[in-house]
Amino acid sequence: MTATHPIVCEARQVWTQYDNTVIHRNLNLQAYQGEILALVGGSGCGKTTLLRHFIGLTRPTRGEILLFGEPLNSLDRDGQRRVRNRFGVLFQHGALFSALTVFENIAFPLRELHQFDENTIRRLVMHKLSLVELEPKHAQLLPSQLSGGMIKRVGLARALALEPELLLLDEPTAGLDPDRSENFVQLIKHLRRTLGLTVIFVTHDLDTLVSLSDRVAVLADQHIVASCPLHELREVDHPFVSNFFQGVSGRLERAA
């Protein structure tokens, strides 16, 4: 994807500071319609904080977050609700409601809209389950009865409940064994193609990065120091990028 595509999500001159600690300093980043953008960086560099800004859970100290061209933090409550219905989020550990069944977890955002009767909600929930390759029998299970891979898929089904245009994923393959991780990556790629999604994901897993990303944004020194396709990172003159690319290069050769 290039700058000729519409910008779906944007950080403009974002500055995040807690007391005397600066997390982001004049950070700029754009995600374009239809792309899969990976956000990488060292531990504690502010990747998840930036993701939380994107979904409106936190606000930057200065600067703007724009979703679909609208400044998220300047909207009134109805405007924020309208914009939030256009994206879905998969948190690192699924963030499922432990006391609710799989069915009730996926139905939750649908019921919050107060627009659907129960028959419609049931059809929609079962459709989302099929999208993430789970069976109807799984609908009545509790999160405690699910494997790690199934928790990810149920969380993804809930994220897709409102037919979002933008999907945000925090460490989507963390905690999964290599086979389940690769299966989940292939599922995301399939959903991007079939649903026309824009995807932003945070990861530290190099295999997921190589398999899934169209473009990589590198967060270091409190801002984005590189934003390019993975194979172009070797041209970036920055210590973190150089060290990072050493781990990536072998996987790129195997993937070629």
Side-chain angles (χ1 to χ4, degrees), residues 1-11 28-41 47-57 65-70 72 83-95 106 109 128 131-133 149 151-176 180-219 224 226-233 248 255:
M1 303 299 161
T2 69
T4 60
H5 292 79
I7 297 174
V8 171
C9 182
E10 182 174 11
N28 294 282
L29 181 63
Q30 298 82 34
Y32 299 102
Q33 187 178 73
E35 77 170 334
I36 299 181
L37 174 66
L39 180 61
V40 302
K47 302 183 298 295
T48 297
T49 299
L50 184 57
L51 200 68
R52 289 169 65 87
H53 288 345
F54 284 154
I55 62 180
L57 286 179
I65 300 295
L66 293 95
L67 293 180
F68 312 102
E70 299 193 70
L72 182 62
V83 168
R84 286 172 176 160
N85 287 345
R86 298 176 67 181
F87 67 79
V89 184
L90 174 60
F91 296 98
Q92 181 173 344
H93 301 294
I106 301 171
K128 303 309 175 186
L131 278 180
V132 300
E133 301 174 355
I151 287 173
K152 297 278 190 183
R153 288 173 185 261
V154 174
L156 183 57
R158 186 176 64 184
L160 296 171
L162 300 182
E163 305 284 346
E165 303 160 60
L166 170 65
L167 186 62
L168 301 110
L169 314 172
D170 188 11
E171 299 284 2
T173 57
L176 301 182
R180 286 191 174 91
S181 177
E182 178 58 23
N183 289 340
F184 197 78
V185 165
Q186 294 305 317
L187 174 60
I188 296 296
K189 292 167 75 172
H190 171 72
L191 291 171
R192 189 269 290 266
R193 290 193 303 270
T194 56
L195 302 179
L197 294 169
T198 302
V199 181
I200 302 174
F201 72 101
V202 170
T203 190
H204 69 276
D205 183 79
L206 296 183
D207 290 323
T208 299
L209 185 69
V210 170
S211 299
L212 191 55
S213 62
D214 296 321
R215 186 164 58 95
V216 181
V218 182
L219 178 53
I224 300 298
S227 178
C228 59
L230 191 57
H231 66 273
E232 294 181 10
L233 281 180
V248 171

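Treat the numbers as computed from the prediction; the structure is a model and nothing was measured. Scope of the values below: all heavy atoms of this structure, side chains included, with no hydrogens, waters or symmetry mates.
- The environment of Arg84 atom CZ is dense: over 12 non-hydrogen atoms of other residues, nucleotides or ligands sit within 6.0 angstrom.
- Side-chain atoms of Thr208 and Thr173 include a donor-acceptor pair closer than 3.5 Å.
- Every residue meeting the side chain to side chain donor-acceptor pair (under 3.5 Å) condition with His204, not counting sequence neighbours, appears here in chain and number order: Glu171.
- Between Val89 and Ala159, the shortest heavy-atom contact is O-CB, 3.4 Å.
- Here the side chain of Arg153 pairs a donor or acceptor atom with the backbone of Val132 at under 3.5 angstrom.
- Nearest heavy-atom pair across Asn28 and Ile224 is O-CG1, 3.4 Å.
- In terms of heavy-atom proximity, Pro109 sits nearest to Leu162 at O-CD2, 3.9 Å.
- Residues forming a side chain to side chain donor-acceptor pair (under 3.5 Å) with Gln92 (at least two apart in sequence, or on another chain): none.
- Distance alone, capped at 3.5 Å, places no donor-acceptor pair between the Asp170 side chain and the Val202 backbone.
- When all heavy atoms of Glu165 and Arg86 are compared, the closest pair comes out as OE2-NE, 2.7 Å.
- Taking every heavy atom of both residues into account, Thr198 and Tyr32 meet most closely at CG2-O, 3.4 Å.
- None of Ile188, Ile200, Leu51 except one satisfies the side chain to side chain contact (heavy atoms under 4.5 Å, CB included) rule with Leu169; the exception is Ile188.
- Proximity of a side-chain donor or acceptor of Lys189 to a complementary backbone N or O of Ser211 within less than 3.5 Å is detected.
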